[in-house]
Asks: 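Encoded as structure tokens, here's the structure I'll be asking about.
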Amino acid sequence: MGKRLISAGVGIVIGVSILIFDNLFVYCAAICFFSAVAVWELTRAIKCEKLTVLRWSSIVMGAVYPAVMIIDWANFLILPVSMGYVLLMALVMLKCHKEVRFEQVLACGAAGGLLPVALSSIILLRYSECGKDLGIFMLLYLLFCAWFGDSGAYFAGTFFGKHKLCPNISPKKTFEGLVGGVVTVGIVTTILLVIYNNFILGEQQLSYAVLIPLSMVASLVGVVGDLSASVIKREYSVKDFGNIMPGHGGVLDRFDSVILVAPFLYVVMSMLGGYIFA
């Protein structure tokens with residue numbers, strides 16, 4: 001318990017410090033680091049440690065690609081870097097076809113391509129057309145949708161859970177917990193909106209009618225991310241993806257729901273535009 005509390009405290013301090021800086025390059029450096037660690041964790045979990053070139057190519061991609069996506073003047077490199085990565089994966093498969101199976105190439109390639117894109121969506125949302133004037137609201141909104149859903153589901157499931165949600169994937173999850181998580185996100189989002197509308201924003205107010213229901217849908221998307229990570233861990237007999245936070249697991253263990261919620265909210269918010277304001 002002590003180890004969990006200490007690592008949680010350190011994680012909170014680091015996270016709050018990053019939010020306080022609210023700087024593009026600080027965000028970029030953090031996402032590049034988390035992305036590389038996430039790729040390292042996933043490629044280890046799927047038993048690719050011995051495929052050195054394949055695995056480390058994916059880890060390097062995880063460390064570099066977020067910067068290419070997030071920093072405006074580097075955006076022109078998105079297609080060349082993507083194509084170069086695909087070509088490298090193909091060359092590795094051709095060179096090492098006796099040792100490397102096609103599904104391993106696809107798995108490592110997906111890890112190095114999809115995880116950086118998903119995590120970069122966190123910062124893309126912050127600096128999107130609808131989010132650039134909202135300070136850190138967009139980041140808090142995203143993280144609340146993902147993480148408070150988990151917390152609410154845990155407590156609701158503990159006290160009221162009777163009906164299993166998907167016992168073969170995650171035996172402890174219940175329908176009551178799912179409902180509790182969604183309701184918790186709605187309540188927390190309402191509090192966040194009240195604070196922003198009354199104490200931070202001026203005449204332009206955020207829409208309760210749009211952002212509260214959206215947060216509750218996003219929490220359901222987070223459940224899909226959480227369960228998807230559980231499927232991988234169960235399939236490969238892995239308890240935790242990593243141990244970067246002792247007692248809490250690795251980056252993927254903490255961000256499994258965020259990985260789907262971030263791109264979901266980025267796409268939806270881009271489509272909604274000014275409708276997020278009352």
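None of these values were measured; they are calculated from a predicted model.
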Asks: Shared ILVMFWY cluster between Met61 and Phe76, side chains joined below 4.5 angstrom?
Replies: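 As far as the 4.5 Å side-chain criterion goes, Phe76 and Met61 are connected within one cluster.
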
Asks: Near Lys95 NZ, under 6.0 Å, is it more than 12 heavy atoms from other residues, nucleotides or ligands?
Replies: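 Atom NZ in Lys95 is not packed in, count stays at 12 or less.
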
Asks: Decide side chain to side chain contact (heavy atoms under 4.5 Å, CB included) for Phe148 and Leu143; before the verdict, give the C-alpha distance in whole Å, the side-chain angles of both, and the deciding distance to 0.1 Å.
Replies: CA-CA 8 Å; Phe148 275 97; Leu143 296 176; over 6 Å; no

Asks: Are Leu114 and Val258 grouped together when hydrophobic residues (ILVMFWY) are joined by side-chain heavy atoms under 4.5 angstrom apart?
Replies: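 Not linked; separate clusters.
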
Asks: Once you measure the plane-to-plane angle for Phe255 and Phe34, does it fall in the parallel (<30°), tilted (30-60°) or perpendicular (>60°) bin?
Replies: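 Ring orientation, 0 to 90° scale: tilted.
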
Asks: List the atom pairs, donor and acceptor, that lie under 3.5 Å between side-chain atoms in residues 102-113 and the rest of the protein, sequence neighbours left out.
Replies:
unit_1 : atom_1 : unit_2 : atom_2 : d
Glu103 : OE2    : Arg101 : NE     : 2.8
Gln104 : OE1    : Arg101 : N      : 2.9

Asks: Apply side chain to side chain donor-acceptor pair (under 3.5 Å) to Ser121 and list each qualifying residue two or more places apart in sequence or on a separate chain.
Replies: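 If we apply the side chain to side chain donor-acceptor pair (under 3.5 Å) test to Ser121, skipping adjacent residues, there are no hits.
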
Asks: To which residues is Val86 joined in a hydrophobic cluster, defined by side-chain heavy-atom contacts under 4.5 Å among Ile, Leu, Val, Met, Phe, Trp and Tyr, whether direct or through other members?
Replies: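 Result for Val86 is Met83.
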
Asks: On a heavy-atom basis, which atom in Ala218 and which in Leu265 lie closest, and how many Å separate them?
Replies: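 Scanning both residues completely, I find the closest heavy atoms to be CB-CD2, 3.9 Å.
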
Asks: Atom CG of residue position Leu94 - does it have more than 12 heavy atoms of other residues, nucleotides or ligands inside 6.0 Å?
Replies: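 Check passes, neighbour count above 12.
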
Asks: Please identify each residue that fulfils salt bridge (Lys or Arg N to Asp or Glu O under 4.0 Å) with Asp226, with sequence neighbours left out.
Replies: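 Here the qualifying residues are Lys173.
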
Asks: By the rule that ILVMFWY residues connect when side-chain heavy atoms come within less than 4.5 angstrom, directly or transitively, which residues belong alongside Leu91?
Replies: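 Same cluster as Leu91: Leu87.
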
Asks: Can you sort out the partners of Thr43 under side chain to side chain donor-acceptor pair (under 3.5 Å), two or more places apart, ordered by chain and number?
Replies: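 Thr43: side chain to side chain donor-acceptor pair (under 3.5 Å) contacts with Arg55.
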
Asks: Can you name the closest pair of heavy atoms from Thr189 and Ser215 and give their distance?
Replies: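 Here Thr189 and Ser215 meet closest at OG1-OG, 3.1 Å.
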
Asks: Taking all atoms of both residues into account, what is the closest heavy-atom pair of Ile70 and Leu24, and its distance?
Replies: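 Nearest pair, atom of Ile70 first, then Leu24: CG2-CD1, 3.3 Å.
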
Asks: Kindly give the heavy-atom pair with the smallest separation between Tyr85 and Ser57, and that separation in Å.
Replies: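 So the minimum-distance heavy-atom pair works out to CE1-O, 3.9 Å.
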
Asks: If you group Ile, Leu, Val, Met, Phe, Trp and Tyr by side-chain heavy-atom gaps below 4.5 Å, do Ile71 and Tyr127 land in one group?
Replies: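 No; Tyr127 is not reachable from Ile71 via cluster members.
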
Asks: Please answer: with hydrophobic residues joined when any side-chain heavy atoms are less than 4.5 Å apart, are Val267 and Leu124 in the same cluster?
Replies: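 Each belongs to a different hydrophobic cluster.
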
